[in-house]
Peer 1: 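This is the structure, below, for whatever I ask next.
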Number of protein chains: 2
Amino acid sequence: MLFYNIIIRYMESEIVEKNESNGKREKSTIVDVARVAGTSVATVSRALSGGNYPVSMATRKKIQLAVETVGYTPNLLGKMLKTKFNPTIGIVIPSYQNPFYIQLIHGISQKAALLGYTISTFSSQRNVLFERNIIKQLLQKRIMGLMIASVDDSPNTLTQYISNGGKVCVFESNFKDLNTFIVAKTDMIESGRTAMKHLISMGHENIAIITTPLSKQSRSSTIKGCRLAMAEHNHEFTDEDIIIAPYEYEFEDGLYEFEVGQDLVKILLERKKKYTAILAVNDLIACGIINELKKMNIRVPEDISVIGLDDIPLSSMISPALTTVHMPSYNLGQKACQLMVDAMVNQEETYGVALSIRPELVIRDSVKRLE
Amino acid sequence: MLFYNIIIRYMESEIVEKNESNGKREKSTIVDVARVAGTSVATVSRALSGGNYPVSMATRKKIQLAVETVGYTPNLLGKMLKTKFNPTIGIVIPSYQNPFYIQLIHGISQKAALLGYTISTFSSQRNVLFERNIIKQLLQKRIMGLMIASVDDSPNTLTQYISNGGKVCVFESNFKDLNTFIVAKTDMIESGRTAMKHLISMGHENIAIITTPLSKQSRSSTIKGCRLAMAEHNHEFTDEDIIIAPYEYEFEDGLYEFEVGQDLVKILLERKKKYTAILAVNDLIACGIINELKKMNIRVPEDISVIGLDDIPLSSMISPALTTVHMPSYNLGQKACQLMVDAMVNQEETYGVALSIRPELVIRDSVKRLE
DNA sequence: ATGAAAGCGCTAACAC
DNA sequence: GTGTTAGCGCTTTCAT
């Protein structure tokens, strides 16, 4: 009898005409469901998405059936407009080429899925204007959670985002971090120090650093860490020992840093001072260095040792496999995402939450112990 | 006098209370702008987002000023709900680890930006359930354009998406492509053939193929192309010459295929038949092969030649630099995006639009000419 | 446990 | 050129 009723209702409903009439099929709405189920829209809403508002089992069943017969897909746009809540997190990274960010996204996405949030990722392609535009778009879509590795020199866009009610988590930035951000960074000072200490512990004293420009905060932190390690061991270390690339640029193919390594190691070898080890501020540079040394028939690590920073997949693929410092980006992403969601639900202001992840040394084959 | 008027209006408006009152700042809406500008909401809408509907210059100015004083940010949710149009394209790829997809995204995003569309990318992590869930989410957000490299064995989710009014462009799939999709693929048969022909033209006859399982359509197409080339030159080629990995798996770090190369080349060398060249179905496998050969002190290309397929950045970083076949994924992304947007604006059904991009041989140092 | 109705912010007839 | 108004699909008081 109940079943009969439903059949009747189904036949009565306009669903057929609705889906086949004027070419442009209309998607069915909560109203259609209500009509077919023979309830009010309010009840449908409560049954379908209301938290634990009481709806009788009988009506729940009817509604479920109605949903299927009319082929209902909820329209999140309506819901968001009404509730003023958008459970999605925008992620902005400078480039998809960098494995560090990829791992980061991976960590975030795992956690977000667990918490019922959706992520939406964008690449600024290291373009400040693009970055600002992406953030504007997020704001317009009322995506109020933003996790970003910023290439902007000014925090203005972000503070504006926050003053519009958004929450932001910063992974990387060139500006001074404000205490309205969640700051989640790997400890670059510590990672530079770790790498340097390893070289020292392997008996090296004459160490050169090869780096891209120090304009980025993370770069200078790394160098600071290196200096620290040298000082701790009373080894001499001057600006002379740092070779800095003259320019910064992002190739589409992500080869820029590799080439920096290739170019700068040549310059290094022409110096009068003889080094036994090279520290590269990231793995891609280190790989470029090793590649170039090979071409020159200089053996790694027999003739010279090389250590990197990052631990990208490539590092274990080359030979000799690169000794480096692992950045736990996956972990960082997970933890940061949790903080983000917390901030989004308890709408209170976030004051200088900081998350710092310690790097780990991974020993492979590119550093030799000196006698 | 005009200026004075505006000041007055500004002071009269509730904007101040609105932004400072009950903690939760209310975002200003088109209504606020209209009030401050002293016009109707319709006019504001027309001035701000209406195409070329006539609005006098004077009111335009007033509105612009009002926008700034109230700090108005349009709410796209409202707009989309009303217009039933969401100018964003969802992109779903199996993994962020694969440079091919990254380039593809890059191409899409460039074109999309040009056309005023936003892209939103997701990784299915080669998980069918994730993939389906992402598509469901897109539907709920009324994102009616989807560009996907699918890992699903069934096209059901996609056809359902289409029957809900969505447009889909398929880059890769294991199912038979329906003529309701835009199909944009690189010509895998041609690429396999190109690689093989190069080896043949360099004097090789005894060629082995190393590959991951052939379950994926693209893989078997590649092999088909290889066979074709051998047949064209009347060279013998049997299933014996193909070494297939026993399993398929995606590591988080994207190292799976590299390891396949390492493992399978060992098996290859134990065979009685002696090969002068190896064709790897992708570059990552080829890099693994070269890496392993080096460990065994077998020289590439002097002792054995290796050719890959894809042209990923890594290929030019290793030594010897890998000879391979370039997949114009950036290009493919651009063209496909254009087709996608076309499909989204002219809402007519898309019937079997197909886009096939021809690969190009890239000669580097891993193939030797045989005397 | 259910329903009626008032909007969320926006656009698009339809009037003038 | 401008204004009025009726929704888009949904949630959520406030009744009952």
Side-chain angles (χ1 to χ4, degrees), chain A residues 15 18 24-63 66-67 70-87 139-144 164-165, chain B residues 15 18 24-63 66-67 70-87 139-144 164-165:
Chain A
I15 182 65
K18 218 176 171 173
K24 275 192 186 174
R25 52 168 62 261
E26 299 289 315
K27 287 186 72 67
S28 45
T29 76
I30 204 174
V31 181
D32 301 308
V33 176
R35 184 163 21 73
V36 173
T39 71
S40 74
V41 292
T43 307
V44 175
S45 172
R46 294 196 265 252
L48 259 34
S49 46
N52 32 24
Y53 196 95
V55 174
S56 81
M57 214 46 204
T59 37
R60 283 207 128 87
K61 283 244 165 64
K62 281 193 296 181
I63 289 171
V67 163
V70 304
Y72 170 69
T73 308
N75 186 335
L76 249 38
L77 263 35
K79 174 168 186 167
M80 290 170 179
L81 183 60
K82 178 66 188 176
T83 61
K84 301 187 175 198
F85 187 75
N86 189 338
L139 216 40
Q140 300 196 160
K141 287 188 184 161
R142 297 303 188 265
I143 293 176
M144 298 324 261
N164 271 282
Chain B
I15 182 63
K18 214 175 175 177
K24 275 192 186 174
R25 50 167 65 260
E26 299 290 315
K27 288 188 72 67
S28 44
T29 76
I30 204 176
V31 181
D32 301 309
V33 176
R35 185 164 21 72
V36 173
T39 71
S40 75
V41 291
T43 308
V44 175
S45 172
R46 295 196 265 253
L48 259 34
S49 45
N52 32 24
Y53 197 96
V55 175
S56 81
M57 214 45 202
T59 36
R60 283 208 128 86
K61 282 248 166 63
K62 282 193 295 182
I63 289 170
V67 163
V70 304
Y72 170 70
T73 307
N75 185 336
L76 250 38
L77 263 36
K79 176 168 184 166
M80 289 170 179
L81 184 58
K82 177 66 189 178
T83 61
K84 302 188 173 197
F85 188 75
N86 189 338
L139 216 40
Q140 299 196 161
K141 289 189 183 159
R142 296 302 187 267
I143 293 177
M144 300 323 262
N164 270 282

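Side chains included, hydrogens not; waters and symmetry mates left out as well; all remaining heavy atoms used.
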Peer 1: Can you tell me how far C1' of C:dG9 sits from CG of A:N164, to the nearest Å?
Peer 2: 15 Å

Peer 1: Which residue, A:T39, A:V41, A:V55, forms the side chain to side chain contact (heavy atoms under 4.5 Å, CB included) with A:R46?
Peer 2: A:V55

Peer 1: Examine C:dG9: is either OP1 or OP2 under 4.0 Å from a nitrogen or oxygen in the side chain of A:K84? Give yes or no.
Peer 2: yes

Peer 1: When you measure from the side-chain N and O atoms of B:S49 to the phosphate of C:dT11, is any distance below 4.0 Å, counting only OP1 and OP2?
Peer 2: yes

Peer 1: Below 4.0 angstrom from OP1 or OP2 of D:dC10, is there any side-chain N or O of A:T83?
Peer 2: no

Peer 1: Please tell me which of the listed nucleotides, D:dT13, C:dG9, D:dT2, lies nearest to the side chain of B:V55?
Peer 2: D:dT2

Peer 1: Taking atom types as they are modelled, would you say the side chain of B:Y53 forms a donor-acceptor pair with the base of D:dT2 within the 3.5 Å cutoff?
Peer 2: yes

Peer 1: Measure the spacing between CG of A:L81 and CG of A:L76 and express it to the nearest 0.5 Å.
Peer 2: 11.5 Å

Peer 1: C:dG3, D:dG1, C:dC10: which one has an atom nearest the side-chain heavy atoms of B:S56?
Peer 2: D:dG1

Peer 1: Does OP1 or OP2 of C:dA1 have a side-chain N or O of A:T59 closer than 4.0 Å?
Peer 2: no

Peer 1: Provide, to the nearest angstrom, the distance between the CZ atom belonging to B:R142 and the C1' atom belonging to D:dC10.
Peer 2: 11 Å

Peer 1: Whether the side chain of B:R60 and the base of D:dG1 hold a donor-acceptor pair under 3.5 Å is what I'd like checked.
Peer 2: no

Peer 1: D:dC10, OP1 or OP2 - any side-chain N/O from A:Y72 closer than 4.0 Å?
Peer 2: yes

Peer 1: Round to the nearest Å and state the distance from A:N75 atom CG to D:dG7 atom P.
Peer 2: 18 Å

Peer 1: Between B:V44 and B:Y72, does the side-chain contact (heavy atoms from CB on, under 4.5 Å) criterion hold? Intermediate values first, please.
Peer 2: CA-CA 12 Å; B:V44 175; B:Y72 170 70; 5.7 Å; no

Peer 1: Can you tell me the distance, in whole Å, between the CD1 atom of B:I30 and the P atom of C:dG7?
Peer 2: 18 Å

Peer 1: Could you state the CG-P distance from A:N52 to D:dT12, rounded to the nearest angstrom?
Peer 2: 12 Å

Peer 1: Would you mind reading off the distance between B:L48 atom CG and C:dA12 atom P, rounded to a whole angstrom?
Peer 2: 14 Å

Peer 1: Applying side-chain contact (heavy atoms from CB on, under 4.5 Å), run through A:L77 and B:Q140 and close with a yes or a no.
Peer 2: CA-CA 8 Å; A:L77 263 35; B:Q140 299 196 161; over 6 Å; no

Peer 1: NZ/B:K84 to CG/A:N75 distance, rounded to the nearest 0.5 angstrom?
Peer 2: 9.0 Å

Peer 1: Closest nucleotide of DNA chain D for A:K82 versus for B:A58: which of these residues is on the 5' side?
Peer 2: B:A58

Peer 1: With a 4.0 Å cutoff (strictly under), does any side-chain N or O of B:S45 reach OP1 or OP2 of C:dA12?
Peer 2: no

Peer 1: Where do B:N164 and A:K27 land on the side-chain contact (heavy atoms from CB on, under 4.5 Å) test, with the steps shown first?
Peer 2: CA-CA 7 Å; B:N164 270 282; A:K27 287 186 72 67; 2.2 Å; yes

Peer 1: Nearest-Å distance, CD (A:Q140) to P (C:dC8)?
Peer 2: 20 Å

Peer 1: Below the 4.0 Å mark, does D:dG9 have OP1 or OP2 next to a side-chain nitrogen or oxygen of A:T29?
Peer 2: no

Peer 1: OP1 or OP2 of D:dG3 sitting under 4.0 Å from any side-chain N/O of B:T43?
Peer 2: yes

Peer 1: Can you measure A:M80 atom CE to D:dT11 atom P for me and round it to whole angstrom units?
Peer 2: 11 Å

